Amino acid sequence: MITYGYAKSYRYTSDSTLYITVRIPSIHGPYNQSDASGQTIRNYVRDENLPEYPSLILPRVPNEGEVVALASMNSSNSDFLVIGITGGSYGAGD
């Protein structure tokens, strides 16, 4: 299954593996907590607690807010791999 999320940050490990911190709105809540229109978000995950997902080799690292595509690595959809940058970004419709 393919899903989409917003890149928040990235890091390289000592073995040059790229990990990207991603907010998946359907799992972690909206990009900004204020996007909930004043409603309480029960399961909102703060940015510092977002998971990092390993990434395939990308043409460049995504900037914060860019939309990335993730592929599920198992049938429970709890383990993802970043497979690409879509070209969209948070706030592009402003």
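Keep in mind it's a predicted model, so treat the numbers as computed, not measured. Just so you know, these numbers use all the heavy atoms, side chains as well, and skip hydrogens, waters and symmetry mates.
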Separation of Leu50 CG from Ile27 CD1 (nearest 0.5 Å): 11.0 Å

Specify the closest pair of heavy atoms between Ile2 and Ala69, including all atoms of both residues, with the distance to one decimal. CG2-CB, 4.4 Å

Between OH on residue Tyr12 and OG1 on residue Thr17, distance to nearest 0.5 Å: 10.0 Å

Sub-4.5 Å side-chain heavy-atom contact between Ile20 and Tyr10: yes

Nearest 0.5 Å please: distance from the CD atom of Glu64 over to the OG1 atom of Thr21. 10.0 Å

Mind checking whether Lys8 and Tyr31 have side chains closer than 4.5 Å, heavy atoms only? yes

For Tyr4, the option from Leu70, Val68, Val67 that meets side chain to side chain contact (heavy atoms under 4.5 Å, CB included): Val67

Hey, could you give me the OH/CD1 distance between Tyr53 and Ile83, rounded to the nearest 0.5 Å? 14.0 Å

Measuring from atom CG of Leu58 to atom CD1 of Ile85, what distance do you get when rounded to the nearest 0.5 angstrom? 5.0 Å

Pairs meeting criterion salt bridge (Lys or Arg N to Asp or Glu O under 4.0 Å) with involvement of residues 52-62, two or more places apart: Arg11-Glu52, Arg60-Glu66

Filter on salt bridge (Lys or Arg N to Asp or Glu O under 4.0 Å), then keep only pairs touching residues 21-31, sequence neighbours left out; what's left? Arg23-Asp47

Looking at Gly5 and Pro25, what are the two nearest heavy atoms and their distance? CA-CD, 4.2 Å

Test of understanding: with side-chain contact (heavy atoms from CB on, under 4.5 Å), list the residues that count as partners of Pro54, not counting sequence neighbours. Tyr19, Leu81

With rounding to the nearest 0.5 Å, note down the distance linking CD1 in Ile24 to OG1 in Thr3. 5.5 Å

Pro30 versus Tyr44: any side-chain heavy-atom pair under 4.5 Å? yes

